[in-house]
S.K.: 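One structure coming up, written as structure tokens, with questions to follow.
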Amino acid sequence: MLRKLIGLFFVGILSYAYQAIQPPPPKLCGSPGGPPITAPRIKLRDGRHLAYKELGVPKESAKYKIVFIHGFDSCRHDNFAKFLSPDLVQELGVYVVSFDKPGYGESDPHPKRTVKCIALDIEELADQLGLGSKFYVVGFSMGGQAVWSVLKYIPHRLAGAALIAPVANYWWTGFPSNISKQAYDLQLLNDQWAVSVAHHAPWLVYWWNSQKWFPSSSAIAHNPAVFSTKDMELVMKPHWQSRMEYAAYIRQQGVQESLNRDMILGFGKWEFSPLDLANPFPNNEGSVHLWHGDDDQLVPVLPQRYIVQQLPWIHYHEMPGDGHLLHEAEGVADTILKELLLQKK
């Protein structure tokens, strides 16, 4: 009888543990009980929908067409075009489309998403919107990391690209162990744990990011400790306060296929290493730029310095005293745009 009770106890513990690590199904937009569909969306070849938002001049009259990839815990409303001078946008004829990455906002989840998928989604979005054979891509933070996928899988579609404070994966092949370890150790301890779980035990990410026993990801918890002095000044500005109006929209379908999937992909095993990429513009017909603040407390700058040493065709811009939100400072987005579009190739 005692053995049976002990057996039942362990079965109960295992059952509880199994249930604890299982994420709830996403609340699909437009489904019964799910969030409403309010955004324009395209239907992809695999049946998923991608929500998007257009800013700037009409694409029919635009000279430059840009696809923007938002960062972690963000959405199509977090478009760097918001920080551009309206006069500059009109003068240059710039059109910018941003989109909700799968699982965010009103874009359908993609549980089988791979590193390659974001590049193919962008290509299909550009084709359905009629952006032409070539377009520019700009990405911020986790969206900046996604630009590596675009450079790998659809370089022939690019007129140019910019990565703004891109997240690095400490397990990319090609990183010397001392570089990756030093950068990893620069994170807060709870962030070291969070990315390690995403890399080594992706099946545990939902539980880790929802449990209350240990501190989880600073980005998910909106921990101000990861903001630099300049970042703290920027988050007090009206545009950050207005972000509260759509904060719930970002996670409305659930966190598993948005935030957690981003972490699993971003810090998981990649199909390639960015350090092995070839120059997508061997004839100088375009350019790739990487921007990073040297006081970024969320994404350490150290890996970027090594990457650009290995990829000398990247135009590197390190911003002294700037943090993670460098493009939100006055005039910086304009500078990023002009360097990308107007720099002599």
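Note that the numbering runs from 1 along the sequence shown for the chain. What you are looking at is a predicted structure, and each value in this text was computed from that prediction instead of being measured.
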S.K.: Check the orientation of Tyr64 and Tyr136. Use parallel for under 30°, tilted for 30 to 60°, and perpendicular for over 60°.
M.R.: perpendicular
S.K.: Indicate yes or no: at least one non-hydrogen side-chain atom of Gln297 is less than 4.5 angstrom from one of Leu186.
M.R.: no
S.K.: How would you list all residue pairs meeting side-chain hydrogen bond (donor to acceptor under 3.5 Å, both in side chains) that involve residues 152-165, not counting sequence neighbours?
M.R.: Glu123-Arg157, Asp127-Arg157, Tyr153-Glu271
S.K.: Among residues at least two apart in sequence or on other chains, which ones pass salt bridge (charged side-chain N to carboxylate O under 4.0 Å, His left out) with Asp295?
M.R.: none
S.K.: Would you say the side chains of Asp108 and His49 form a donor-acceptor pair under 3.5 Å?
M.R.: yes
S.K.: More than 12 heavy atoms of other residues, nucleotides or ligands under 6.0 Å from NZ of Lys134: is that the case?
M.R.: yes
S.K.: Measure the shortest side-chain to side-chain distance between Ile42 and Leu44 over non-hydrogen atoms and say whether it is less than 4.5 angstrom.
M.R.: yes
S.K.: Verify, without hydrogens or angle tests, whether Gln192 (side chain) and Gln187 (backbone) share a donor-acceptor contact under 3.5 angstrom.
M.R.: yes
S.K.: Any side-chain hydrogen bond (donor to acceptor under 3.5 Å, both in side chains) pairs touching residues 82-91, not counting sequence neighbours?
M.R.: Lys82-Tyr246
S.K.: Do other residues, nucleotides or ligands put more than 12 heavy atoms under 6.0 Å from Lys116 NZ?
M.R.: no
S.K.: Taking only distance into account, with no hydrogens and no angle test, what donor-acceptor pairs under 3.5 Å do side-chain atoms of residues 306-314 form with protein atoms, sequence neighbours excluded?
M.R.:
none

S.K.: When the ring planes of Tyr249 and His77 are compared, do they come out parallel, tilted or perpendicular, using 30° and 60° as the limits?
M.R.: tilted
S.K.: Among Ile164, Val138, Ile122, which one satisfies side-chain contact (heavy atoms from CB on, under 4.5 Å) with Ile69?
M.R.: Ile122
S.K.: Quick check: Tyr316 with His289 (ring centres under 6.0 Å apart)?
M.R.: no
S.K.: For this output row, return yes or no: ring centroids of Phe140 and His324 closer than 6.0 angstrom.
M.R.: yes
S.K.: Does Arg113 come within less than 4.0 Å of Asp262, counting only side-chain N to carboxylate O?
M.R.: yes
S.K.: Run the ring-centre check on Phe214 versus Trp208 and record whether the distance is less than 6.0 Å.
M.R.: yes
S.K.: Compile the donor-acceptor pairs under 3.5 Å between side chains in residues 28-38 and protein atoms, sequence neighbours left out, one pair per line.
M.R.:
{"from": "Ser31", "atom 1": "OG", "to": "Leu28", "atom 2": "O", "distance (Å)": "2.6"}
{"from": "Thr38", "atom 1": "OG1", "to": "Glu106", "atom 2": "OE2", "distance (Å)": "2.4"}

S.K.: Any side-chain heavy-atom pair from Asp296 and Asp294 closer than 4.5 angstrom?
M.R.: no
S.K.: Can you list the residues that meet the side chain to side chain donor-acceptor pair (under 3.5 Å) rule with Asp185, with sequence neighbours excluded?
M.R.: Lys181
S.K.: When the aromatic ring centroids of His200 and Trp171 are compared, is their separation below 6.0 Å?
M.R.: yes
S.K.: Between Asp121 and Arg48, does any side-chain N to carboxylate O distance fall below 4.0 Å?
M.R.: yes
S.K.: Can you check side-chain hydrogen bond (donor to acceptor under 3.5 Å, both in side chains) on Arg76 and Ser107, steps first, answer last?
M.R.: CA-CA 10 Å; Arg76 62 193 175 91; Ser107 287; over 6 Å; no
